Amino acid sequence: MLTFLIMAGGSGERFWPLSTKEKPKQLLKIFSNKSLIRLAYERILPLVDKDQIFIATNEIQLKALKEELPEVNDTRIIIEPAFRDTASAISYGSLMISKCYDNPTICVLASDHLIANEEEFRKIIKIAETEAEKGNIVTLGMKPEYPETGYGYIEVDKTILNKPTKALAFKEKPNLEIAKDYFSSGKYLWNSGMFIFKYNTMLESLKKYSPNHYEVSLELNKLIDTNNGVITANKVRDTFIKFEKRSIDYAVMEKANNIVVIPSSFGWNDVGSYLAFDELFNKDENNNVIYNVKSITIDSTNNIIISQDDKNNINLLGVNNMIIVITKDNLLIIPKDRCQEIKKILAKV
């Protein structure tokens, strides 16, 4: 039984002020007339019945999520009572799905990625499903298009597209020099953060490599109402917060010996920061991206200019390499090369 767990609890901090805690990036219609989470939901519907799609979120975003995806049954929404990183989210989400299906195959996806070639994506998911049924934990590795410093990397032996291969090592986000080495070697793939596995396979891996997540999962299992497979978040919070705050990469992927990678190329973009606008939108003659705003630019190049309301005007003179975002409540002006530091502002808001 193939099921999907769409991770939709992120706060979208790197897209503030467009993104807020109540309505983060995945719920915004930035890159098309559909939100990122609706795009994520619809691209997997050709593979499974909607009851096989589960969405993990939190209480703060629940209302907006239901408004965006009203067709999703409440029994398919998994509410995480606290943020404890991806190992906890996947452990808990997988446990909840296992209450609805016996040892299901679970495909974990992000709610805020863009995929250009959806047919190719679905084809690779089916390949991954076959590999997962062999007892492997499968991830999709994106064939690098350039030396990127914003992604983690996976070292592999072979990078033949769509051909599963063993993962040799997981690497943290590199500096530019190391990223260039990775790219030129031809032995590294971008880590997409997508995972496919049988429930029992992941449970055994947690038992072996991350005992905390295994033990807490066993405790949570006793609290779940198996009559309907769903419980409210407040009933499990005291147990859930026992999870160590750890990524799934650190908890399992970097340690396990049954990790299989499928080298892939289907137009993937993780939309990780405002710099994604440079990749996804057309630019004017001065290399500026101007989105949803009227703008006069004089002696101003390589900027990203965004407005929440298309009635705004933003005019630049002698401004270069900046990100400028205006909403009804906030104005953000930040150099492009410091866009990952938006959290510093949020700490004081």
Side-chain angles (χ1 to χ4, degrees), residues 2-15 18-20 22-58 60-80 86 89-90 92-94 96-97 104-129 132 138-142 151 190-197 248 262 264-273 276-277 279-280:
L2 177 63
T3 64
F4 287 87
L5 177 62
I6 300 177
M7 311 291 282
S11 58
E13 291 180 335
R14 285 175 289 183
F15 273 80
L18 288 181
S19 172
T20 64
E22 293 75 20
K23 197 165 186 178
K25 174 181 60 169
Q26 61 267 24
L27 295 170
L28 300 179
K29 298 174 183 177
I30 302 176
F31 301 99
S32 75
N33 60 356
K34 295 181 180 180
S35 67
L36 290 171
I37 193 168
R38 175 156 288 283
L39 291 172
Y41 182 77
E42 291 182 354
R43 77 170 60 102
I44 56 179
L45 275 175
L47 291 173
V48 293
D49 182 85
K50 69 176 185 177
D51 280 347
Q52 292 161 249
I53 302 174
F54 294 75
I55 300 176
T57 189
N58 54 61
I60 296 173
Q61 296 159 18
L62 181 60
K63 183 176 183 291
L65 172 67
K66 286 186 173 184
E67 290 173 354
E68 189 58 33
L69 294 174
E71 67 269 44
V72 176
N73 191 290
D74 284 355
T75 64
R76 272 24 187 188
I77 298 176
I78 299 170
I79 301 173
E80 297 170 23
T86 54
I90 291 173
Y92 184 56
S94 299
M96 296 294 278
I97 295 173
T105 300
I106 300 170
C107 178
V108 179
L109 303 175
S111 61
D112 55 0
H113 292 180
L114 284 173
I115 291 174
N117 189 339
E118 296 189 350
E119 186 174 343
E120 178 70 6
F121 166 75
R122 288 189 288 267
K123 171 183 164 185
I124 293 172
I125 291 297
K126 295 303 291 182
I127 296 172
E129 181 185 14
V138 186
T139 187
L140 309 187
M142 301 297 114
Y151 300 148
W190 288 338
N191 185 352
S192 71
M194 302 182 216
F195 310 103
I196 305 92
F197 49 83
I248 193 67
I262 303 177
S264 307
S265 180
F266 42 69
W268 172 79
N269 191 308
D270 81 334
V271 197
S273 73
F277 280 77
E279 300 178 39
L280 298 168

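In this text, all values refer to a predicted model and were calculated from it rather than measured experimentally. We use all heavy atoms of the structure for the numbers below, so side chains are in, but hydrogens, waters and symmetry mates are not.
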Student: Counting distance only, does the side-chain N/O of Thr75 pair as donor-acceptor with the main-chain N or O of Asn73 below 3.5 Å?
Tutor: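 Not at all, since once roles are kept as given, no pair shorter than 3.5 Å links the two residues.
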Student: So, Glu71 and Arg76, do they make that salt bridge, N to O below 4.0 Å?
Tutor: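 Salt bridge flag = no for Arg76 with Glu71.
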Student: If the plane angle is over 60° it's perpendicular, under 30° parallel, otherwise tilted; pick one for Trp268 and Tyr151.
Tutor: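 Plane angle between 30° and 60°, so tilted.
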Student: Is a donor on one side and an acceptor on the other found under 3.5 Å between the side chain of Ser192 and the backbone of Met142?
Tutor: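 Not a single qualifying donor-acceptor pair exists.
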Student: Would the distance check show the side chain of Gln52 and the main-chain N or O of Leu2 forming a donor-acceptor pair, the cut-off being under 3.5 Å?
Tutor: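 Between the backbone of Leu2 and the side chain of Gln52 there is a qualifying donor-acceptor contact (under 3.5 Å).
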Student: For the residue pair Lys25 and Ser19, what are the closest heavy atoms and their distance?
Tutor: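 Looks like N-OG, 3.0 Å.
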Student: Would you check if the side chain of Thr105 reaches a backbone N or O of Glu129 as a donor-acceptor pair within less than 3.5 Å?
Tutor: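 Pair absent, no side-chain N/O of Thr105 close to backbone of Glu129.
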Student: Any donor and acceptor pair, going by atom type alone, linking the side chain of Ser35 with main-chain N or O of Leu28 inside 3.5 Å?
Tutor: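 Absent.
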Student: Is there a donor-acceptor pair closer than 3.5 Å between any side-chain N or O of Asp112 and the backbone N or O of Leu36?
Tutor: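 Pair absent, no side-chain N/O of Asp112 close to backbone of Leu36.
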Student: Indicate yes or no: does Arg122 engage Glu119 in a salt bridge with an N to O separation below 4.0 Å.
Tutor: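 Salt bridge flag = no for Glu119 with Arg122.
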Student: Sequence neighbours left out, what passes salt bridge (Lys or Arg N to Asp or Glu O under 4.0 Å) with Lys34? Give chain and number order.
Tutor: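 Testing Lys34 for salt bridge (Lys or Arg N to Asp or Glu O under 4.0 Å), a comparison that skips the adjacent residues, returns Glu42.
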Student: Quick one: which residue pairs count as a salt bridge (Lys or Arg N to Asp or Glu O under 4.0 Å) with a foot in residues 43-58, not counting sequence neighbours?
Tutor: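 Checked against salt bridge (Lys or Arg N to Asp or Glu O under 4.0 Å) - neighbours excluded - the pairs reaching residues 43-58 are Arg43-Glu118.
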Student: Phe121 versus His113: any side-chain heavy-atom pair under 4.5 Å?
Tutor: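 They are not in contact (no side-chain heavy atoms under 4.5 Å apart), so the answer is no.
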Student: Ring-plane angle category for Phe15 and Phe31, please: parallel below 30°, perpendicular beyond 60°, tilted otherwise.
Tutor: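 Plane angle over 60°, so perpendicular.
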Student: Can you confirm whether Ile37 sits close enough to Leu27 that some side-chain heavy atom of one is under 4.5 Å from a side-chain heavy atom of the other?
Tutor: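 They are in contact (side-chain heavy atoms under 4.5 Å apart), so the answer is yes.
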